[in-house]
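Just so it is clear, the model here is predicted, and its values are computed rather than measured. One is the number of the first residue; the rest follow in order along the sequence.
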Amino acid sequence: MSDHFDYMPKPEGWVPPEPKVIEDPEIEESVAAHEPVADADAQDAPLQPEDSTLLEHIITRCANVISWVFVPLLMPVYGIILIFSLSFLSLAPFHSKLIFTLIVFGANFVVPLLLVLLLKKMGMIEDVGLNGRKERLIPYVITIVCLAGTAVFLYLKMAPIWVAMFYAGGAVAGLINLIVNFRWKISAHAAGIAGLVAMLIQITKEGSASDAMTWWIVVSIIVAGLLGSARIWLGRHTLMQVLAGSAVGFLSVWTLSLI
């Protein structure tokens with residue numbers, strides 16, 4: 001019927017017919033798909049699994065970065081840099097500081113790293129991160145010898161006794177870790193950073209520390225906490241293993257520095 005029917009005169013008593021509803025499932029589904037659906041709880045929705053996974057991925061990535069930046073092999077190098085920066089030895093000639101730093105770097109990072117890579121190539125270890133307890137025996141011996149040799153070298157070069165004892169304390173901590181490692185896994189990362197904290201505190205007593213030493217000690221303690229947390233998050237150690245490593249590293253360096 002034409003639309004003009006709406007404007008034509010209607011007979012008396014005329015009632016407009018009910019509109020016909022076309023029941024077409026496809027049309028109904030199409031309309032329903034375009035209708036907005038109210039979601040009163042949308043703004044209060046909980047954290048989705050994929051969001052949680054992303055956060056865990058970020059934390060894991062940060063934990064790995066912290067673990068590698070503060071790997072135990074670098075603690076002796078960071079130590080000599082801080083010694084030459086924060087104690088009275090900062091007055092030493094630049095070329096002397098550079099030579100000693102390079103010697104410490106070569107003896108305590110380059111040499112052990114090359115030997116660990118050689119052990120991996122020979123199939124004696126599987127991971128250069130030395131996460132397995134049984135893989136740590138030979139690398140421990142290597143680092144102990146290197147630290148002890150550095151302590152003797154610095155002593156013979158007339159370095160202050162507390163400087164040589166920092167490296168001797170590291171060797172003692174490594175020896176304790178080696179013995180404990182036969183029965184239990186202990187955190188070498190925690191031992192290394194704790195030894196560094198002990199050295200910074202010792203500088204305040206023996207090394208005519210700079211005015212910023214208090215802040216350096218606070219920062220080192222915070223880094224030690226972050227590093228220990230990173231090792232626990234990555235599943236490399238338990239809380240007790242981290243605490244044990246911290247105690248061994250700090251007490252070894254602190255005790256020998258009192259000599």
Side-chain angles (χ1 to χ4, degrees), residues 46-79 81-82 108-109 112-113 116-117 119-120 125-144 147 166 169-201 215-255:
L47 187 65
Q48 298 299 317
E50 55 269 19
D51 297 333
S52 177
T53 302
L54 176 61
L55 179 60
E56 291 176 357
H57 175 74
I58 294 174
I59 296 175
T60 301
R61 180 63 62 87
C62 292
N64 277 310
V65 170
I66 293 173
S67 294
W68 282 109
V69 170
F70 296 100
V71 68
L73 293 181
L74 284 175
M75 292 299 106
V77 183
Y78 293 152
I81 292 174
L82 291 173
N108 295 277
F109 182 80
L113 179 62
V116 168
L117 292 176
L119 291 173
K120 186 176 186 303
I125 62 173
E126 296 181 359
D127 181 15
V128 294
L130 303 177
N131 294 311
R133 182 171 58 86
K134 296 182 179 180
E135 294 183 336
R136 296 185 169 195
L137 177 60
I138 298 178
Y140 265 137
V141 174
I142 294 171
T143 55
I144 291 169
L147 285 167
F166 166 63
V172 171
L175 180 60
I176 295 174
N177 288 351
L178 173 62
I179 296 173
V180 174
N181 188 70
F182 284 105
R183 298 298 298 272
W184 193 52
K185 189 178 178 183
I186 194 170
S187 176
H189 280 78
I193 192 66
L196 205 62
V197 173
M199 183 208 69
L200 291 175
I201 296 175
W215 290 106
W216 278 100
I217 294 175
V218 171
V219 170
S220 67
I221 293 174
I222 293 174
V223 171
L226 290 175
L227 182 58
S229 300
R231 303 304 291 169
I232 295 172
W233 174 268
L234 294 173
R236 301 292 188 257
H237 294 286
T238 64
L239 176 59
M240 290 304 299
Q241 291 169 348
V242 169
L243 293 177
S246 299
V248 169
F250 184 91
L251 293 176
S252 297
V253 173
W254 177 259
T255 302

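Considering OH of Tyr78 and CG of Leu73, their distance stands at 11.0 Å, rounded to 0.5 Å. To the nearest 0.5 Å, atom CG of residue Asn177 and atom CH2 of residue Trp184 are 10.0 Å apart. Taking CD1 of Ile193 as the reference point, atom CG of Leu226 lies at 10.0 Å (rounded to 0.5 Å). For the atom pair CD1 (Ile176) and CG (Asn181), the distance works out to 13.5 Å, reported to the nearest 0.5 Å. From Ile66, atom CD1 reaches atom CZ of Arg61 across 13.0 Å, with rounding to the nearest 0.5 Å. Annotation: the span from Ser187 atom OG to Leu227 atom CG amounts to 6.5 Å, rounded to 0.5 Å.
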Using residues 238-249 as the side-chain source, report each donor-acceptor pair under 3.5 Å to any protein atom, sequence neighbours left out, with the distance given to one decimal.
from: Thr238; atom 1: OG1; to: Gln241; atom 2: N; distance (Å): 3.3
from: Gln241; atom 1: OE1; to: His237; atom 2: ND1; distance (Å): 3.3
from: Gln241; atom 1: OE1; to: Thr238; atom 2: N; distance (Å): 2.9
from: Gln241; atom 1: NE2; to: Lys185; atom 2: O; distance (Å): 3.1
from: Ser246; atom 1: OG; to: Val242; atom 2: O; distance (Å): 3.0

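Looking only at distances, a side-chain donor or acceptor of Asn64 sits under 3.5 Å from a matching main-chain atom of Thr60. Side chain of Arg236 to main chain of Leu234: a donor-acceptor pair is present (N/O by atom type, distance under 3.5 Å, no hydrogens or angles).
Looking only at side-chain heavy atoms (C-beta outward), Thr143 and Asn108 stay at 4.5 Å or farther from each other. Phe250 places a side-chain heavy atom less than 4.5 Å from the side chain of Ile201.
Considering only residues two or more places apart in sequence or on other chains, Pro72 meets the side-chain contact (heavy atoms from CB on, under 4.5 Å) condition with Ala188, His189. With sequence neighbours excluded, the residues forming a side-chain contact (heavy atoms from CB on, under 4.5 Å) with Val219 are Val223, listed by chain and number.
Among all heavy-atom pairs drawn from Val253 and Gly170, the shortest one is CG2-N, 4.1 Å. The shortest non-hydrogen separation linking Ala171 to Leu147 is N-CD1, 3.8 Å. Contact detail for Trp233 and Ile59: the closest heavy-atom pair is CE2-CG2, 3.4 Å. Scanning all heavy atoms of the two residues, the minimum distance from Val172 to Ser252 falls at CG1-OG, 4.0 Å. In terms of heavy-atom proximity, Gly79 sits nearest to Leu196 at CA-CD1, 3.6 Å. For the pair Leu200 and Ile217, the tightest heavy-atom approach, listed with the atom from each and the gap, is CB-CG1, 4.0 Å.
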After noting the C-alpha distance and the side-chain angles of Phe182 and Leu137, does the key distance pass the side chain to side chain contact (heavy atoms under 4.5 Å, CB included) rule? CA-CA 8 Å; Phe182 284 105; Leu137 177 60; 3.9 Å; yes
